[in-house]
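Notes to accompany the following structure.
Computed over heavy atoms, backbone and side chain alike; hydrogens, waters and symmetry mates excluded.
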Amino acid sequence: MRAPSLLALVVFLCGALPRAGDASDLSALRDMGPAPDFMLTSQDGAEVGPALLRGKVVLVTFIYTWCPDICPLLTDKMARVQDDLGESFGKDVAFVSITFDPERDTAEVLKAYAETFDADPAGWFFLTGEVEVVRQVAARYGVVTIAGADSGVDHNLLTTLIDRQGRMRVQYTGSQFDPEELLQDLLALVAEP
């Protein structure tokens with residue numbers, strides 16, 4: 001019998017649910033339970049966490065700034081969705097990108113990274129904090145990291161969509177999700193009563 005892959009094991013253990021149905025059906029965005037709360041430091045030095053963003057739809061993901069491949073692809077995809085949201089971004093929707101590597105990714109480094117992707121600071125927070133706190137937050141969101149080659153960070157990638165009431169509704173695996181689907185999911189939650 002083959003052992004399950006690390007990603008399959010994480011998805012199983014964390015209960016990440018696939019979408020059910022299409023984006024136009026709000027029941028497709030199942031309630032996965034309350035989003036884990038945390039408080040970390042933003043690229044501007046402010047304390048930020050899901051409780052402070054309550055009332056907005058929040059997208060939480062994990063990156064590190066010197067990642068050679070998947071993190072910049074994910075951040076670029078999110079930047080395009082930010083642009084497509086127009087006036088809703090910052091007012092109704094917030095993005096949270098948490099570093100896997102808080103030792104290197106200081107607030108100043110995260111600020112420069114955010115500027116590279118034209119991230120709007122009115123609604124996009126790049127967060128860092130104490131190493132152990134960041135690891136705990138990642139684990140609570142189902143994200144697993146291990147030391148990789150050349151001091152890199154190997155990790156699974158789960159991006160979590162949280163509704164206005166602080167409930168997890170979708171977890172997208174990897175960076176291959178469709179930005180249009182993400183946009184429609186965000187807008188569906190913005191319109192949700």
Side-chain angles (χ1 to χ4, degrees), residues 4-16 32 34-53 58-82 93-121 123-162 166 168 170-177 179 182:
S5 70
L6 175 62
L7 179 58
L9 184 60
V10 169
V11 170
F12 172 75
L13 292 175
C14 297
M32 298 169 59
D37 203 15
F38 57 82
M39 193 65 65
L40 295 170
T41 304
S42 78
Q43 73 269 30
D44 295 317
E47 295 297 305
V48 176
L52 293 177
L53 298 172
V58 179
L59 188 70
V60 176
T61 197
F62 295 81
I63 53 101
Y64 63 105
T65 62
W66 52 281
C67 175
D69 46 38
I70 198 153
C71 300
L73 292 173
L74 173 65
T75 304
D76 181 64
K77 191 177 285 193
M78 290 172 63
R80 286 183 275 135
V81 172
Q82 166 199 263
V93 176
F95 291 172
V96 174
S97 295
I98 302 171
T99 181
F100 285 124
D101 188 9
E103 291 178 314
R104 294 185 201 186
D105 289 340
T106 62
E108 296 79 20
V109 169
L110 290 171
K111 186 174 185 112
Y113 185 78
E115 289 170 356
T116 299
F117 290 94
D118 293 324
D120 182 348
W124 198 339
F125 306 94
F126 288 78
L127 305 182
T128 190
E130 296 296 321
V131 172
E132 191 52 38
V133 173
V134 168
R135 284 188 186 137
Q136 290 171 6
V137 171
R140 292 174 68 201
Y141 276 84
V143 176
V144 176
T145 63
I146 54 176
D150 299 322
S151 300
V153 180
D154 289 335
H155 58 88
N156 67 327
L157 188 59
L158 288 174
T159 301
T160 304
L161 184 56
I162 302 169
M168 294 191 306
V170 178
Q171 282 192 307
Y172 308 93
T173 57
S175 66
Q176 299 303 313
F177 60 82
L182 171 59

### Task
Taking salt bridge (Lys or Arg N to Asp or Glu O under 4.0 Å) as the test, write out the residues that go with K77, two or more places apart.
none
## Note on the structure
Scanning both residues in full, the closest heavy-atom pair of F117 with A79 reads O-CB, 3.6 Å
### Summary
Closest non-hydrogen atoms of S97 and I63, given as atom of the first, atom of the second and distance, are CB-CG1, 4.0 Å
### Message
I'd like to know whether F100 forms a side-chain contact (heavy atoms from CB on, under 4.5 Å) with D105, so could you lay out the CA-CA distance, the side-chain angles of the two residues, the decisive distance to 0.1 Å, and finally the verdict.
### Response
CA-CA 8 Å; F100 285 124; D105 289 340; over 6 Å; no
### Query
Which atom pair, heavy atoms only, marks the closest approach of I162 to A35?
CD1-CB, 3.5 Å
#### Entry: Reported CG-to-OH distance for the pair L110 and Y64, which is rounded to 0.5 angstrom
14.0 Å
### Message
Using the side chain to side chain donor-acceptor pair (under 3.5 Å) criterion, which residues pair with R140? Sequence neighbours excluded.
### Response
none
### Query
Who are the side chain to side chain donor-acceptor pair (under 3.5 Å) partners of T128, not counting sequence neighbours?
none
### Message
Can you list everything that forms a side chain to side chain donor-acceptor pair (under 3.5 Å) with E47? Sequence neighbours excluded, please.
### Response
T41
## Note on the structure
Contacts of E103 meeting salt bridge (Lys or Arg N to Asp or Glu O under 4.0 Å) (sequence neighbours excluded), chain-then-number -> none
### Task
Looking only at non-hydrogen atoms, find the nearest pair between M39 and G49 and report the distance.
SD-N, 3.8 Å
### Task
Identify the two heavy atoms, one from Q43 and one from W124, that lie closest to each other, and give their separation to 0.1 Å.
NE2-O, 3.0 Å
#### Entry: Audit row: L182, L59, side-chain contact (heavy atoms from CB on, under 4.5 Å) steps and yes/no
CA-CA 10 Å; L182 171 59; L59 188 70; 3.9 Å; yes
### Message
Distance check, rounded to the nearest 0.5 Å: C71 atom SG versus D69 atom CG?
### Response
7.5 Å
### Summary
Correct closest heavy-atom pair for P36 and P50 would be O-CG, 3.8 Å
### Query
By side-chain contact (heavy atoms from CB on, under 4.5 Å), which residues pair with A107, not counting sequence neighbours?
none
### Query
Under the side chain to side chain donor-acceptor pair (under 3.5 Å) test, which residues partner D37, sequence neighbours left out?
none
### Task
Pick out which of T61, L158, T160 makes a side chain to side chain contact (heavy atoms under 4.5 Å, CB included) with V143.
L158
### Task
Any chance you could lay out the side-chain contact (heavy atoms from CB on, under 4.5 Å) test for V133 and F38, step after step, and finish with the verdict?
CA-CA 9 Å; V133 173; F38 57 82; 6.0 Å; no
### Query
Is there a side-chain contact (heavy atoms from CB on, under 4.5 Å) between R104 and T99 once you walk through the steps?
CA-CA 9 Å; R104 294 185 201 186; T99 181; over 6 Å; no
#### Entry: Partners meeting side-chain contact (heavy atoms from CB on, under 4.5 Å) with D118 (sequence neighbours left out)
none
### Residue pair Q82 / M78, side-chain heavy-atom distance below 4.5 Å
no
## Note on the structure
F125 meets the ring pair (Phe, Tyr, Trp, His ring centres under 6.0 Å) criterion, sequence neighbours left out, with none
### Message
Within this structure, what is the CZ-CG distance for the pair F62 and L127, rounded to the nearest 0.5 Å?
### Response
9.0 Å
### Message
Is the shortest side-chain heavy-atom distance between D44 and P121 below 4.5 Å?
### Response
yes
### Task
Taking side-chain contact (heavy atoms from CB on, under 4.5 Å) as the test, write out the residues that go with E108, two or more places apart.
T106
### Message
Would you call the rings of Y113 and F126 parallel, tilted or perpendicular, taking 30° and 60° as the class edges?
### Response
perpendicular
## Note on the structure
Those residues at least two apart in sequence (or on a different chain) that pass side-chain contact (heavy atoms from CB on, under 4.5 Å) with P34 are R167
### Query
With sequence neighbours left out, what residues match D120 under salt bridge (Lys or Arg N to Asp or Glu O under 4.0 Å)?
none
